[in-house]
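A short worksheet on the structure shown next.
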Amino acid sequence: AQPPKGRPSSLGLFLVGVGLAGVLALVLPRLLAQTGAGGPVLAVLETADFHALAFSPENPRVVFFGHHNGVMRSDDGGRTWQPVVSRPNFDAMALAISPANPRRIYLAGHNIFMASPDGGATWEPVRHNLPYDDIHGFALSPQDPNRLYAFVIGHGLFISADGGSTWTRLSTALPQDVMSLAAAGGEPEVLFAGSMASGVLKSIDGGRTWQPSNNGLGSLRVMGLGVNPADRQVVYAGTEDGLYRSEDGGASWRRLPFPGRNAVVVTVSPADPKVVLAIEAAGPRQGRVYRSQDGGLSWGG
């Protein structure tokens, strides 16, 4: 049964915990030899939370996963995973990879803002002038690898034009429960934000002003967002009621036949935009990974 819409539930409370906090956990990824409700589970991630996914811009089989205590990597499209970083409070709430330099990976989260110049082998703090580094939403422009966006708790939305060194505040209009941020390109840039109470919010002026964009979503909590890099009108929203897709830039949404009962993280491959990866939070320390090879219309290994 799906969780009821529009009111708190045990799942909703669990998802808030997934998004806002984590506990020390041993990373023990494994394959799951079973079938989910409507399609096969590709893998299970046994971590305390399930924050971020990011494909390599070059290879749809290479994908990174971020959680409260580190980063993992898959080289077979999400079937098997190996730790890249396993460190307490290395909190990867968001991961972003530069299309111009696929080996450069940004990581942002609770009191952490780092970058890797070598595909995740080593990490260095990003020197910046943000007022605080509790970053709950982070995005990289698909058109400009130096243009970054960061939603900082208690301070608002910021933009950087130099790869993260210097930042300017854009807006304080976003609610404090924003869990995800996605940039879709354009001049000015189109941005989407996912909120636990306000659903999807959209900006068409580069992040300065925001409007609800929830036709078809109702009052669902939105945890994850993904934009098709080949067609910015195609947007995915991970909610407490599964995975939704918009084909008109967020003006309307329809539920996909996603096997999981919820979708806390979603990402689209820049190398093959038909490939979509999403995670269902099935319970504490159980994130079920699903993959679609046709834009979310069907799900399988």
Side-chain angles (χ1 to χ4, degrees), residues 51-58 62 64 66 71 84-85 89-174 176 178-194 201-210 225-230 232 235 267-268 270-271:
H51 282 330
L53 287 169
F55 275 105
S56 163
E58 295 181 313
V62 175
F64 294 85
V71 178
V84 173
V85 180
N89 297 318
F90 196 86
D91 189 8
M93 283 195 71
L95 294 169
I97 305 177
S98 168
N101 181 7
R103 292 185 60 77
R104 183 165 181 80
I105 307 173
Y106 289 96
L107 177 155
H110 294 302
N111 306 112
I112 188 169
F113 183 24
M114 305 192 79
S116 172
D118 49 19
T122 61
W123 296 84
E124 300 174 350
V126 177
R127 296 179 180 272
H128 62 82
N129 66 336
L130 287 170
Y132 191 30
D133 54 7
D134 192 0
I135 303 170
H136 282 206
F138 186 84
L140 187 154
S141 172
Q143 294 182 186
D144 183 349
N146 290 316
R147 186 190 303 163
L148 308 176
Y149 300 89
F151 176 66
V152 182
I153 289 296
H155 297 273
L157 179 68
F158 292 77
I159 184 173
S160 172
D162 60 5
S165 296
T166 58
W167 296 82
T168 302
R169 184 171 7 230
L170 284 170
S171 171
T172 57
L174 287 174
Q176 293 301 299
V178 163
M179 301 299 299
S180 56
L181 198 64
E187 293 292 345
E189 187 121 37
V190 174
L191 295 168
F192 296 91
L201 299 163
K202 180 179 179 180
S203 173
I204 59 173
D205 58 5
R208 289 172 176 80
T209 62
W210 295 82
L225 290 169
V227 178
N228 183 331
R232 69 183 185 189
V235 188
T267 190
V268 186

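Computed from a predicted structure; not experimentally measured.
Interatomic distance, L140 CG to R147 CZ, rounded to the nearest 0.5 Å: 10.0 Å. Taking NE2 of H155 as the start and CG of D133 as the end, the distance is 9.5 Å to the nearest 0.5 Å. Taking CE of M93 as the start and CG of L107 as the end, the distance is 11.0 Å to the nearest 0.5 Å. Between I97 atom CD1 and I105 atom CD1 the span is 4.5 Å, to the nearest 0.5 Å. Taken to the nearest 0.5 Å, the NE2 atom of H51 stands 10.5 Å off from the CG atom of L95.
The two residues A100 and P145 come nearest to each other via the heavy atoms CB-CG, 3.7 Å. Considering every non-hydrogen atom in both P57 and A271, the closest pair reads O-CB, 3.6 Å. Nearest heavy atom pair, residue A193 against residue L181, reads CB-CD1, 4.0 Å. For the pair V235 and V227, the tightest heavy-atom approach, listed with the atom from each and the gap, is CG1-CG2, 4.2 Å. Of all heavy-atom pairs between P99 and P142, the closest is CG-O, 4.1 Å. Nearest heavy atoms, A150 versus L130: CB-CD1, 4.5 Å.
Here F158 pairs with nothing under the ring-ring contact (aromatic ring centres under 6.0 Å, His included) rule; sequence neighbours left out. For S160, the side chain to side chain donor-acceptor pair (under 3.5 Å) criterion is met by D162, not counting sequence neighbours.
Residues T209 and S171 fail the side-chain proximity criterion, which asks for heavy atoms closer than 4.5 Å. A 4.5 Å side-chain heavy-atom check between H136 and V178 finds every atom pair outside the cut-off. Put simply, the side chain of W210 reaches to within 4.5 Å of the side chain of L191, judged on heavy atoms.
Judged purely by atom type and a 3.5 angstrom limit, E189 has no side-chain atom pairing as donor or acceptor with the backbone of G207. In terms of modelled atom types and a separation under 3.5 Å, the side chain of Q176 and the main chain of I153 share no donor-acceptor contact. Of the possible polar contacts, none joining the S203 side chain to the V190 backbone as a donor-acceptor pair under 3.5 Å is found. With R169 contributing its side chain and G156 its backbone, the two residues share no donor-acceptor pair below 3.5 Å. No donor-acceptor pair closer than 3.5 Å links the side chain of R104 to the backbone N or O of N101.
Considering Y106, W167, F113 in turn, F113 is the only one that fulfils the ring pair (Phe, Tyr, Trp, His ring centres under 6.0 Å) rule with H128.
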